[in-house]
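Below: one structure, written as structure tokens.
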Amino acid sequence: MSNKAVIVTGAGRGIGLAIAKSLASRGYDLALVDIAEDTVREAAASIKGDGKYVPIAGNVADWDSVQTMVNEASEALGPIYGVVNNAGITRDGLVLRMKPEAWQQVLDVNLTGTFYFTKAVSPLMMRQKIGRIVNIASVIGLAGNAGQANYAASKAGVIAMTKSVAKELGGRAITCNAIAPGFIATDMTHDLPEQVKADMLKSIPLKRLGSAEDVAAAVAFLLSEDAAYITGQTIVVDGGMVT
Ligand code: NAP
């Protein structure tokens, strides 16, 4: 495949935008997906490079929206080589107090959204007999965290789905892997109480928060030829925090 095209969800800011910028610098064409139209248009315009960077607004948790977005991406970019399922949300709270809606919203975006994109791109990748699916999970999906039962369950689900999809699609040279970031400095973590941040920092052997670029580098590796024989795996990018 020349001009490899990759869809990145949640690409309007944070880790998703860093992934998009990193992939653009490596020569990929991109469909940037995000829920807010203005945000994703600005994100696509901010990317420097010689490729095509197409903004697509839609909701990863809505099946009709996902099918429309994948069609738009294919029409604009041609064959889809990869998808990076990065869009994610938190709605934290102890189980005792967690509203059922907060449970459901997080499962809908983080887990079902990843399933919808995987389902929508699978037939395209199977026809091409090549493809890469990279799912952004979290160390919380491996270790759990008080106040994040919904988020932990969604990310553990993503890790388990990754292994299953790897087994289903491996016969067509499609790989499916996950990345489990630790504590990464983005808007999602910016608003945590200072004490929580300080405690987390103490538990990181590499003594710094991760950057969105640290995660983007692992994504670029999994999309590269060097990772052709890796599938069903979860790469932990956490400065040694959990492992
Ligand atoms: P972020 O800054 O909140 O960015 C997430 C992006 O996803 C936002 O642009 C958001 O749009 C978009 N999004 C949310 N719901 C969506 C939906 N239904 N459809 C389409 N787009 C949607 O988050 P981040 O910190 O970059 O995290 C990115 C991924 O990494 C997530 O899956 C997260 O769980 C994972 N992760 C993050 C950390 C960390 O420390 N930051 C650690 C481990 C894993 P709006 O802003 O308009 O809602």
Side-chain angles (χ1 to χ4, degrees), residues 7-22 31-44 46 55-70 72-73 83-92 102 104-117 120 134-145 148 150-159 161-162 178-192 196-197 200-201 203-204 208-216 218-219 234-239 241-242:
I7 300 172
V8 182
T9 73
R13 62 192 171 101
I15 293 171
L17 182 55
I19 290 169
K21 287 183 172 166
S22 159
L32 290 90
V33 164
D34 211 283
I35 198 149
E37 200 169 345
D38 290 354
T39 312
V40 73
R41 205 180 313 115
E42 280 168 29
S46 76
I56 300 179
N59 181 0
V60 302
D62 179 298
W63 175 232
D64 289 340
S65 176
V66 170
Q67 289 176 94
T68 305
M69 289 192 279
V70 170
E72 274 182 51
V83 61
V84 183
N85 285 305
N86 164 81
I89 60 169
T90 51
R91 297 285 183 272
D92 296 351
Q104 198 56 52
Q105 283 168 0
V106 170
L107 268 289
D108 285 349
V109 175
N110 298 5
L111 182 57
T112 307
T114 298
F115 162 68
Y116 284 162
F117 259 96
V134 181
N135 297 326
I136 306 301
S138 167
V139 289
I140 305 302
L142 297 168
N145 195 23
Q148 291 198 301
N150 50 359
Y151 185 76
S154 73
K155 295 300 189 178
V158 165
I159 290 167
M161 181 167 55
T162 298
I179 291 167
F183 191 28
I184 309 298
T186 67
D187 293 347
M188 191 179 262
T189 49
H190 184 259
D191 297 336
L192 289 171
V196 173
K197 288 192 216 177
M200 278 182 149
L201 204 51
S203 69
I204 301 173
R208 67 170 175 89
L209 302 190
S211 67
E213 289 70 26
D214 289 324
V215 180
V219 172
T234 298
I235 297 183
V236 177
V237 181
D238 73 343
M241 185 169 74
V242 163

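Each ligand, and each atom within it, is numbered from 1 in the order the structure gives.
Under the 4.0 angstrom criterion for non-hydrogen atoms, Gly182 is in contact with ligand 1. Distances from ligand 1 to the non-hydrogen atoms of Asn59 include at least one value under 4.0 Å.
Contact annotation: for Thr186 versus ligand 1, heavy atoms closer than 4.0 Å belong to the side chain alone.
For ligand 1 and Ala137, the ligand atoms under 4.0 Å from any heavy atom of the residue are 35 (C), 44 (C). Listed by atom number, the atoms of ligand 1 under 4.0 Å from Ile89 heavy atoms are 14 (C), 15 (N). Each of the following atoms of ligand 1 lies closer than 4.0 Å to a heavy atom of Gly58: 19 (N), 20 (C). Close contacts between ligand 1 and Ile184 involve ligand atoms 39 (C), 40 (O), 41 (N) [criterion: under 4.0 Å to a heavy atom]. Residue contact check: Val60 has heavy atoms under 4.0 Å from atoms 17 (C), 18 (N), 19 (N), 20 (C) of ligand 1. The contact set between ligand 1 and Asn86, taken as ligand atoms under 4.0 Å from a residue heavy atom, comprises 28 (C), 29 (C), 30 (O), 31 (C), 32 (O). Within ligand 1, counting atoms from 1 as listed, the ones closer than 4.0 Å to a heavy atom of Gly88 are 5 (C), 31 (C), 32 (O). Counting atoms of ligand 1 from 1 in the listed order, those under 4.0 Å from a heavy atom of Val109 are 15 (N), 18 (N).
Between Tyr151 and ligand 1, a contact under 3.5 Å exists for at least one N or O pair. At a 3.5 angstrom cut-off on N or O pairs, Arg13 counts as close to ligand 1.
For atom 10 (C) of ligand 1, the closest non-hydrogen atom on the protein side is Asp34 OD1, 3.6 Å. Looking only at heavy atoms of the protein, atom 7 (O) of ligand 1 is closest to Gly10 CA, 3.4 Å.
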How far apart are the C-alpha atoms of Thr162 and Asn135, what are their side-chain angles, what is the distance that settles it, and do they pass the side-chain hydrogen bond (donor to acceptor under 3.5 Å, both in side chains) test?
CA-CA 7 Å; Thr162 298; Asn135 297 326; 3.0 Å; yes
